[in-house]
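Remember, predicted model here, so these are calculated numbers, not experimental data.
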Amino acid sequence: RRSGASAGRFTHVYSGNWGGYAVTEAENGGTGINGVYGSWYVGGSHTSSSPSESSTWLGIGGGLGEGSSRWGLIQDGDSMQTDEGYRSWFEYLGSSGCSGTNCDPNYTGYDDLRPGDAVSAQVWWESTTQACFWFSDWTSSTGSISTCQSGLSIPYDHTSAEWVNENWPGNGFYYDSPGTINQLQRE
């Protein structure tokens, strides 16, 4: 985990299939945001009789703070889907569409996480073309991620940091609430 993050004030944000908290570069005194760290508990259990799909993640970028059609997003977190289980993941993507090898999240193994596990995640820009991803399950020590991806061909977007709960209601899935965030910091 990278140190040096400081606590900050975040604004509630939401959309059709997600909600959470964000801070923009402007709200951060005009200073770019190069990293974000958060801790939470993995959401409730699911059964195959009630299809579920949800994700909790934190990220940097995504165009939230710049009002531009050109953006990059680096993010990691946990995900749950009926018949696939709970797992951690990371991804990076840009406004220009899929680039490199990462159009979809990079997942850890199936059922690496359990409902109620205490987890932490962090993403940061190491440089304008290198992003780092860190995830730890403090309860069961599984599903860990610690990697940096170099030579990214997505825009270096440091205009916002966000923490999001997301589901996919168009798929007809029930949303499993992840509970309350414990800590969120930006740097």
Side-chain angles (χ1 to χ4, degrees), residues 1-41 54-79 88-100 102-106 119-136 145-169 175 177-187:
R1 183 177 124 212
R2 192 169 173 202
S3 62
S6 60
R9 184 176 167 174
F10 287 78
T11 302
H12 179 258
V13 293
Y14 61 92
S15 182
N17 70 327
W18 59 266
Y21 295 91
V23 64
T24 65
E25 184 176 19
E27 293 169 328
N28 197 40
T31 303
I33 303 165
N34 285 309
V36 64
Y37 170 86
S39 297
W40 63 90
Y41 292 99
S54 60
S55 184
T56 301
W57 55 269
L58 52 79
I60 301 291
L64 181 65
E66 66 182 85
S68 168
S69 61
R70 185 168 157 71
W71 52 266
L73 175 62
I74 59 174
Q75 58 188 3
D76 71 3
D78 69 54
S79 178
S88 54
W89 56 271
F90 74 93
E91 75 177 332
Y92 51 90
L93 45 113
S95 55
S96 58
C98 296
S99 59
N102 207 31
C103 294
D104 293 316
N106 289 309
V119 298
S120 296
Q122 184 170 17
V123 296
W124 67 95
W125 285 103
E126 192 67 26
S127 72
T128 60
T129 60
Q130 181 179 5
C132 297
F133 307 87
W134 177 85
F135 185 93
S136 183
I145 296 170
S146 182
T147 186
C148 291
Q149 301 291 308
S150 298
L152 299 184
S153 59
I154 64 170
Y156 167 60
D157 185 348
H158 56 87
T159 60
S160 65
E162 51 276 335
W163 174 79
V164 172
N165 286 329
E166 182 175 24
N167 74 330
W168 298 272
Y175 177 65
S177 174
T180 304
I181 189 167
N182 296 333
Q183 176 182 9
L184 184 61
Q185 300 175 323
R186 67 176 187 260
E187 58 183 52

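In this structure the side chain of Glu27 never reaches within 4.5 angstrom of the side chain of Ile33, judged on heavy atoms. Contact annotation: the side chain of Val23 never approaches that of Val36 to less than 4.5 Å [non-hydrogen atoms, C-beta and beyond]. Annotation: side chain of Leu58 is not in contact with side chain of Val164 (no heavy-atom distance under 4.5 Å). Between Trp163 and Thr56, the closest side-chain pair of non-hydrogen atoms falls below 4.5 Å. Trp71 places none of its side-chain heavy atoms less than 4.5 Å from the side chain of Pro155. Between Phe133 and Gln75, the closest side-chain pair of non-hydrogen atoms is not below 4.5 Å.
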Please determine whether side chain to side chain contact (heavy atoms under 4.5 Å, CB included) holds for the pair Trp57 and Val123, giving the CA-CA distance in whole Å, both sets of side-chain angles, and the decisive distance to 0.1 Å. CA-CA 10 Å; Trp57 55 269; Val123 296; over 6 Å; no
Take Leu73 and Glu162 through the side chain to side chain contact (heavy atoms under 4.5 Å, CB included) test and state the conclusion after the steps. CA-CA 10 Å; Leu73 175 62; Glu162 51 276 335; 3.6 Å; yes
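For Ala131 against Ile74, the heavy-atom pair with the smallest separation is CB-CG2, 3.6 Å. Gly62 approaches Asp157 most closely through the heavy-atom pair N-OD2, 3.2 Å. The minimum heavy-atom distance between Cys148 and Gln130, with the atom names listed, is CB-NE2, 3.3 Å.
Among residues two or more places apart in sequence or in another chain, the side chain to side chain donor-acceptor pair (under 3.5 Å) test is passed with Thr128 by none.
Checking Asp78 against Tyr41 by side-chain atom types alone, no donor-acceptor pair falls below 3.5 Å. Side chains of Ser120 and Gln122: no donor on one and acceptor on the other come within 3.5 Å.
Between the Thr159 side chain and the Gly61 main chain, no donor and acceptor come within less than 3.5 Å of each other. Without hydrogens or angle criteria, Asn34 side chain to Trp125 main chain gives no donor-acceptor distance under 3.5 Å.
Using cut-offs of 30° and 60° on the angle between ring planes, the pair Trp40 and Phe135 is perpendicular.
Atoms CG and CD, from Leu152 and Glu126 in turn, are 12.0 Å apart once rounded to the nearest 0.5 Å. A distance of 11.5 Å separates CH2 in Trp124 from OH in Tyr37, rounded to the nearest 0.5 Å. Here OG1 of Thr31 is found 7.5 Å from CD of Glu25. Values are rounded to the nearest 0.5 Å. Residue Ser55 holds its OG atom at 10.0 Å from CG of Asp76, rounded to the nearest 0.5 Å.
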